[in-house]
Peer 1: 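Sending over a structure as structure tokens; questions will come in a sec.
No experiment lies behind these values; they were computed from the predicted model shown.
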Amino acid sequence: MGAESMKIEKEAEMDGDTRDPKRLKLEEEESSPKIHAFENPLLPLASYDDDDDDEEEEERRGEAIARHGERNNGRKMERNGHGDEIDDGEEDDDEEDSRGLGFSQGKRNRQVEVRRDCPYLDTVNRQVLDFDFEKFCSVSLSNLNVYACLVCGKYYQGRGLKSHAYTHSLEAGHHVYINLRTEKVYCLPDGYEINDPSLDDIRHVLNPRFTREQVEQVDKNKQWSRALDGSDYLPGMVGLNNIKETDFVNVTIQSLMRVTPLRNFFLIPENYQHSKSPLVHRFGELTRKIWHARNFKGQVSPHEFLQAVMKASKKRFRIGVQSDPVEFMSWLLNTLHADLRSSKHNSSIIYQSFQGELEVVKEIHKKGVSEKRENGDDLNMGTAVDGGAENDSIIREASRMPFLMLGLDLPPPPLFKDVMEKNIIPQVPLFNILKKFDGETVTEVVRPHIARMRYRVTRLPPYLILHMRRFTKNNFFVEKNPTLVNFPVKNLELKDYIPLPRPREEEKLRSKYDLIANIVHDGKPGEGSYRVFVQRKSEELWYEMQDLHVSETLPQMVALSEAYMQIYEQQQQQ
């Protein structure tokens, strides 16, 4: 109980008034002119009890409104213990700051003192700040109106008199807090807002931001950044925490970070502010943190992104369960596209970057599919190959279908050992397995029914994703094909291997690609781990990345690995 309440109770006892002292206090405040709390620095600010909405206050507020005949103009309003109007949710986003007066006056006449100096700024500990995790109060587990204590790094809800942040400020003596949504910094329990430029670096770590000019220069940056612990890191080449069996997510994210138009799109939140998908916004936040040059740490934790993935995929991909990066990549690209596409155009930055087109010819062998027309004429469903008694026929279906990635079939490994009694490590050139898409090579499929397929690429995407089918599943176990694929790191000329459509007169045929990411699987099928080789464009250097481990490597080492999924970038000038 505050000193003011005790004073009212004593006066009530002296006057012989038997009414409820709390009600007396409320009536006195309703009838007396408001005195702003900052006139008395010992009292908390009047407008900061915005989180106290318990039943007792509701009841007292209703009685006071009924007694004074006030109307709420159709809006749900609350009054805190000092008589100021408050709302029952988060703070107003659109507070209009009048800094010159030393106040911030909101649309609901809130008055908050703003100070440029604070005696507690030297207690801020940047070493303990970590904004990578979900923005939940550590006590109530609520995600509404959450503040981070800048002294110990913990998250607390609200800053009213009964809030967890206010209580923490009194119990622990920690006084500086930042609102994780509005990025405003406050001193508790005093309650004033702190407007000091020295806190801008914390705001940038909480919500990294890029101008369009900075985005254009990202790939030209050769400068290293230094974390608070003294370690150096390269923006864009930071390690990702493996929370638990999440290396399949990490290698996928690191690969997509090399796709320039996709990365640039997500570095500027205005590009996708129309989307209501948490997955889109979490992916954007993660992209900005990976490429931010002023991080406090040399690594990033994708925790919030993983939570959005678990929810959007209905736990198909989740923390603690190893999954396939090819399946995850396919799901992620399709989901991001669905969340980003506009109603007018069935397009998005995903399709613009990765979508190509195939011509597919399917041949299905049928028996006795001849039907009779109404007039008695025979109707043959396909082209008869040999007449025969059973009227065998082949149905040919030609269609165009879009693709986001191409699956390449590896030849089966040899069953026998060589004369030295050692296993032979089979190898195959990339152009051999690319023949699957030359329009002539037949691929046998058994699902949904037995058919012979021919594929031909009719449109190449700016970024080509290839994945090698290393794993085959049967009813008993999963087998891994160890065949090494020999591929060029630079200048993969597709027209040398597969026929390509002729470009329009004003266009050039762009069929030459450079590798920018190569995902590798190590270990046994169903177990093992994933790592990725990625290229840093500013210096054309290659790096090997496995969770938090990031090290420079030689281009020759990239081609010696068991490639599982690759991303190639189309050369612009040929």
Side-chain angles (χ1 to χ4, degrees), residues 93 124-135 143 146-148 150 153 155 177-185 196-229 231-241 249-250 253-254 256-273 275 277-309 336 340 349 534 536-538 545 548 550:
D93 286 332
V124 174
N125 185 4
R126 288 167 172 78
Q127 300 278 359
V128 300
L129 300 182
D130 189 346
F131 301 122
D132 289 347
F133 294 94
E134 289 184 288
K135 312 298 191 290
N143 63 349
V146 180
Y147 292 78
L150 298 185
Y155 293 171
Y177 297 79
I178 186 169
N179 186 300
L180 296 178
R181 186 174 55 83
T182 65
E183 301 178 24
K184 293 185 177 182
V185 181
D196 193 296
S198 67
L199 300 170
D200 287 347
D201 63 332
I202 296 177
R203 294 188 179 97
H204 276 276
V205 172
L206 172 60
N207 182 20
R209 58 209 71 181
F210 293 80
T211 64
R212 297 190 182 275
E213 292 73 21
Q214 288 173 327
V215 170
E216 293 174 0
Q217 299 299 318
V218 163
D219 281 333
K220 299 177 183 178
N221 175 41
K222 299 181 181 181
Q223 189 172 357
W224 289 67
S225 295
R226 174 155 292 185
L228 288 179
D229 60 1
S231 61
D232 293 328
Y233 70 92
L234 283 166
M237 294 289 168
V238 297
L240 294 176
N241 272 331
V249 174
N250 292 348
I253 294 299
Q254 296 287 18
L256 291 177
M257 290 299 103
R258 315 307 137 196
V259 180
T260 304
L262 181 73
R263 178 204 63 198
N264 292 354
F265 176 86
F266 279 100
L267 284 178
I268 300 180
E270 289 77 14
N271 291 334
Y272 48 92
Q273 61 184 0
S275 174
S277 165
L279 183 71
V280 168
H281 292 280
R282 294 291 175 264
F283 185 79
E285 287 175 10
L286 184 58
T287 303
R288 299 199 305 276
K289 286 178 179 179
I290 289 174
W291 287 95
H292 189 45
R294 297 165 62 182
N295 285 332
F296 290 162
K297 309 188 303 291
Q299 72 265 359
V300 175
S301 177
H303 192 270
E304 283 192 287
F305 174 71
L306 284 165
Q307 293 291 339
V309 166
L336 288 176
L340 285 171
I349 188 65
V534 298
R536 185 180 180 219
K537 284 190 177 180
S538 59
M545 310 179 83
L548 293 177
V550 180

Peer 1: So, Thr287 side chain and Leu267 main chain: donor-acceptor pair closer than 3.5 Å or not?
Peer 2: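 No; judged by distance alone, with no hydrogens or angles, the pair does not exist.
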Peer 1: Would you name the heavy atoms of Glu304 and Lys289 that are closest together and state the gap between them?
Peer 2: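 Closest approach of Glu304 to Lys289, heavy atoms only: OE1-NZ, 4.2 Å.
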Peer 1: Given side chains that start at C-beta, do those of Glu134 and Asn143 come closer than 4.5 Å, heavy atoms only?
Peer 2: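 Heavy-atom side-chain distance check fails, nothing below 4.5 Å.
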Peer 1: Please report the shortest heavy-atom distance between Phe210 and Trp291, naming the atom on each side.
Peer 2: CZ-O, 3.4 Å
Peer 1: Checking Asn241 side chain against Pro302 main chain: does a donor-acceptor pair fall under 3.5 Å?
Peer 2: no
Peer 1: So do Arg288 and Asn207 actually touch side chain to side chain, heavy atoms under 4.5 Å?
Peer 2: yes
Peer 1: Would you say Tyr233's side chain and Asn295's backbone share a donor-acceptor pair under 3.5 angstrom?
Peer 2: yes
Peer 1: For Glu183 versus Arg203, what's the shortest heavy-atom pair and its separation?
Peer 2: O-NE, 2.8 Å
Peer 1: For Asp219 and Arg263, run side-chain contact (heavy atoms from CB on, under 4.5 Å): C-alpha distance rounded to whole Å, both residues' side-chain angles, the deciding distance at 0.1 Å, then the answer.
Peer 2: CA-CA 11 Å; Asp219 281 333; Arg263 178 204 63 198; 2.7 Å; yes
Peer 1: Just verifying a value: how many Å separate Leu548 CG and Leu240 CG, rounded to the nearest 0.5 Å?
Peer 2: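 Output value for this atom pair is 8.0 Å.
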Peer 1: Any idea how Phe283 and Phe305 line up, ring-wise: parallel (<30°), tilted (30 to 60°), or perpendicular (>60°)?
Peer 2: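 Ring orientation, 0 to 90° scale: tilted.
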Peer 1: Donor-acceptor pair, distance only, cut-off 3.5 Å: does the side chain of Gln254 make one with the backbone of Val238?
Peer 2: yes
Peer 1: For the atom pair CG (Leu336) and CG (Leu256), what is the distance rounded to the nearest 0.5 Å?
Peer 2: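 The CG atom of Leu336 sits 8.5 Å away from the CG atom of Leu256.
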Peer 1: Please round to the nearest 0.5 Å and tell me the distance separating atom CD1 of Ile178 and atom OH of Tyr155.
Peer 2: 10.0 Å
Peer 1: Taking atom CG of Leu340 and atom OH of Tyr272, what is their separation to the nearest 0.5 Å?
Peer 2: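 The distance works out to 9.5 Å.
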Peer 1: Has Ser538 got a side-chain atom pairing as donor or acceptor with Asn221's backbone, closer than 3.5 angstrom?
Peer 2: yes
Peer 1: Ignoring hydrogens, what is the shortest heavy-atom contact between Ile349 and Phe265? Give both atom names and the distance.
Peer 2: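 Between these two residues, the closest heavy atoms are CG2-CD2, 3.8 Å.
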Peer 1: Distance from Ile202 atom CD1 to Leu206 atom CG, nearest 0.5 Å?
Peer 2: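 One finds 9.5 Å between CD1 of Ile202 and CG of Leu206.
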Peer 1: Got Asp130 and His303 here, is their nearest side-chain heavy-atom distance under 4.5 Å?
Peer 2: no
Peer 1: Can you name the closest pair of heavy atoms from Met237 and Arg536 and give their distance?
Peer 2: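 The answer is CE-CB, 3.3 Å.
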Peer 1: Could you go through Ile253 and Leu286, starting from their C-alpha distance and side-chain angles, then the distance that decides it, and tell me whether this counts as side-chain contact (heavy atoms from CB on, under 4.5 Å)?
Peer 2: CA-CA 9 Å; Ile253 294 299; Leu286 184 58; 4.0 Å; yes
Peer 1: Quick one: does any side-chain atom of His281 pair with a main-chain N or O of Pro269 as donor and acceptor, under 3.5 Å?
Peer 2: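 Checking the backbone N and O of Pro269 against the side chain of His281, no donor-acceptor pair under 3.5 Å is found.
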Peer 1: Answer yes or no: is there a side-chain heavy-atom contact under 4.5 Å between Asp201 and Arg126?
Peer 2: yes
Peer 1: Run the side-chain contact (heavy atoms from CB on, under 4.5 Å) check on Met545 and Val550 step by step: do they pass?
Peer 2: CA-CA 5 Å; Met545 310 179 83; Val550 180; 3.9 Å; yes
Peer 1: For a 4.5 angstrom cut-off between non-hydrogen side-chain atoms, does Lys297 reach Asp132?
Peer 2: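 Lys297 vs Asp132: side chains touch.
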Peer 1: How long is the straight-line distance from NZ of Lys220 back to NZ of Lys222, given to the nearest 0.5 Å?
Peer 2: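 Answer for the NZ-NZ pair, Lys222 versus Lys220, is 11.0 Å.
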Peer 1: Do Glu285 and Arg282 have side-chain heavy atoms sitting under 4.5 Å apart?
Peer 2: yes
Peer 1: For residues Val280 and Phe266, report the shortest heavy-atom separation together with the two atoms involved.
Peer 2: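 Taking every non-hydrogen atom into account, O-CE2, 3.8 Å.
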Peer 1: Report yes if some heavy atom in the side chain of Val249 is under 4.5 Å from a heavy atom in the side chain of Val309; otherwise report no.
Peer 2: no
Peer 1: Step through the shown structure and confirm whether more than 12 heavy atoms of other residues, nucleotides or ligands are within 6.0 Å of CD on Glu270.
Peer 2: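 Yes.
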Peer 1: I'd like to check Val185 versus Asp196 (side-chain heavy atoms, cut-off strictly below 4.5 Å). Are they in contact?
Peer 2: no
